[in-house]
Asks: 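I'd like to ask some things about the structure below.
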Amino acid sequence: MTLDRFGRNINYLRISLTDKCNLRCVYCMPEDITFRPRQELLQDDEILRLVRIFAELGFVKFRLTGGEPTVRANFVDLVRQMSNTPGVETMAMTTNGLLLDKLAEPLAEAGLQRVNISIDTLDAQKFKKLTRWGEVDEVLDGIRMAEKAGLGVKLNAVVVRGYNDGEDVVDLARLTLYQPWQVRFIEMMPFGDVADFQQAGIVTEEDLRGTISAALGDLSLVNNGQLDGEARLYKLAGAQGTLGFISSVTQPFCASCTRARLTADGRLRLCLLREQEVNLMKPLRDGANDEALKEIIVDAIWWKPWGHKLDDDVVPLNRVMSEIGG
Ligand code: SAM
Ligand code: SF4
């Protein structure tokens with residue numbers, strides 16, 4: 001068990017497999033972003049070694065993210081090897097879904113259990129504007145293929161004022177009336193070069209719930225408000241699925257946070273919204289043994305921060321979202 005100084009048991013690692021992506025969502029990265037050279041990123045053997053070490057330290061849940069994890073070379077094989085690591089109980093992925101039509105089945109066969117698929121609107125034109133060139137139909141195909149492959153599916157939408165904060169939110173919420181899905185709305189968070197845009201365009205959970213209930217009726221709280229992961233769940237009357245709200249900006253869930261993040265360039269990031277990181281790549285490449293790496297990780301986790309400082313205008317500037325892995 002790896003505890004931090006607040007007594008939180010940190011047992012969930014989100015791994016950014018690459019900073020690269022086949023989209024350029026406006027809330028995630030600038031259009032002209034420069035990606036890191038390959039040698040600066042963790043190699044397959046380095047990732048597998050770290051997954052084994054984290055599992056030996058008591059981490060049980062692993063989520064692959066990015067950038068877009070599915071664009072990484074040798075991805076299915078990497079998932080297979082990670083899933084087969086002793087101690088790994090849950091292997092999940094967050095993806096834009098574009099490559100799932102071909103990858104969903106091999107990934108399920110390789111041991112992937114769940115996917116969170118990002119889809120911010122069902123409107124083709126607005127989807128293109130938000131992602132800069134994406135085709136929403138390809139994501140819908142990806143969702144269908146993920147379900148067919150037996151993967152657990154949740155949908156994620158980041159809401160941006162002026163882009164998808166009106167009928168788009170209502171259309172996404174309406175899906176839960178007919179599908180047993182969890183559709184989750186994420187408050188946009190500020191990072192790096194894109195922070196001004198993000199802070200100007202944030203739509204809060206309170207506003208979102210207002211928009212949805214004005215169009216589709218009252219929302220009832222599920223499980224007395226107990227969080228499902230990071231999401232607070234609600235239900236529309238008669239709905240098959242649920243609505244989740246991930247409100248890291250206005251209602252942070254630090255008390256129940258169990259996660260740490262491994263960036264694509266091998267830094268252990270202790271909190272998404274704080275710049276504090278510990279370099280694992282350097283000792284790894286300098287020949288540190290497992291015990292030495294475990295000591296660094298255990299110490300880093302102990303100092304995991306509590307709470308963001310956005311109210312004091314402290315915005316994490318050292319990276320954009322795609323480098324950290326959302
Ligand atoms: N490419 C994959 C995807 O889009 O699902 C995985 C990486 S992406 C960085 C992970 C999640 O972070 C996605 O659900 C995305 O919508 C979300 N995200 C990206 N930028 C964000 C921001 N500024 N605030 C909140 N969520 C953000
Ligand atoms: Fe790519 Fe995901 Fe970022 Fe969109 S949110 S640019 S799909 S990494």
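Read the numbers this way: they start at 1 and go in the same order the structure lists the ligands and their atoms.
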Asks: Looking at ligand 1, is there an atom of it that comes within less than 4.0 Å of some heavy atom belonging to Met29?
Replies: no

Asks: Is it true that Asp228 and Lys154 make a salt bridge, defined as a side-chain N closer than 4.0 Å to a carboxylate O?
Replies: yes

Asks: Under 3.5 Å, is there a donor-acceptor pair between the Gln43 and Arg38 side chains?
Replies: no

Asks: Are the charged groups of Glu31 and Arg24 less than 4.0 angstrom apart, N to O?
Replies: no

Asks: By number and element, which atoms of ligand 1 are closer than 4.0 Å to a non-hydrogen atom of Thr94?
Replies: 2 (C), 5 (O), 6 (C), 10 (C)

Asks: Show me which atoms of ligand 1 lie under 4.0 Å from any heavy atom of Val158.
Replies: 16 (O), 17 (C), 18 (N), 26 (N), 27 (C)

Asks: Does Leu172 reach the side chain of Leu155, with side-chain heavy atoms less than 4.5 Å apart?
Replies: no

Asks: Any side-chain heavy atom of Tyr12 sitting closer than 4.5 Å to one from Phe62?
Replies: no

Asks: Should the proximity of Cys21 to ligand 2, defined as any heavy atom under 4.0 Å, be assigned to the side chain, the backbone, both, or neither?
Replies: side chain

Asks: Is Ile15 close to Arg261 at the side-chain level, that is, under 4.5 Å between some pair of heavy atoms?
Replies: no

Asks: Of the listed options (Cys21, Ala157, Gly66), which comes nearest to atom 8 (S) of ligand 1 when hydrogens are ignored and any heavy atom counts?
Replies: Gly66

Asks: Using the ring of Tyr163 (Phe, Tyr or Trp, six-membered ring only), decide whether Lys126 places NZ or CZ under 6.0 Å from its centre and within 45 degrees of its axis.
Replies: no

Asks: For ligand 1, which atoms sit closer than 4.0 Å to a heavy atom of Ile186?
Replies: 14 (O), 25 (C), 26 (N)

Asks: Whether the Thr121 and Asp123 side chains hold a donor-acceptor pair (N or O, under 3.5 Å, no angle test) is what I'd like checked.
Replies: no

Asks: Would you indicate which of Thr94, Thr131, Asn96 comes nearest to atom 7 (S) of ligand 2 when only heavy atoms are counted?
Replies: Asn96

Asks: Counting non-hydrogen protein atoms only, what is the nearest one to atom 6 (S) of ligand 2? Give residue, atom name and distance.
Replies: Cys25 N, 3.1 Å

Asks: Which protein heavy atom lies closest to atom 27 (C) of ligand 1, and at what distance to 0.1 Å?
Replies: Met321 CE, 3.4 Å

Asks: Counting each atom of ligand 1 from 1 as listed, which ones have a heavy atom of Glu68 under 4.0 Å away?
Replies: 1 (N), 2 (C)

Asks: Less than 3.5 Å between some nitrogen or oxygen of Met189 and one of ligand 1, yes or no?
Replies: yes

Asks: If you take the nearest heavy atom of each of Cys25, Ala195, Gly67, Cys28, which one is closest to atom 6 (C) of ligand 1?
Replies: Gly67

Asks: Taking 2.8 Å as the cut-off, does an N/O/S atom of Cys28 lie below it from atom 4 (Fe) of ligand 2?
Replies: no

Asks: Which option wins on minimum heavy-atom distance to atom 5 (O) of ligand 1: Ser118, Pro190, Ser248?
Replies: Ser118

Asks: List the steps and the verdict of ring pair (Phe, Tyr, Trp, His ring centres under 6.0 Å) for Phe245 and Tyr234.
Replies: CA-CA 8 Å; Phe245 294 89; Tyr234 289 81; 5.6 Å; yes

Asks: Would you please determine whether Gly67 falls within less than 4.0 Å of ligand 2 on a heavy-atom basis?
Replies: yes

Asks: With heavy-atom distances below 4.0 Å as the criterion, list the atoms of ligand 1 near Asn96.
Replies: 2 (C), 3 (C), 5 (O)

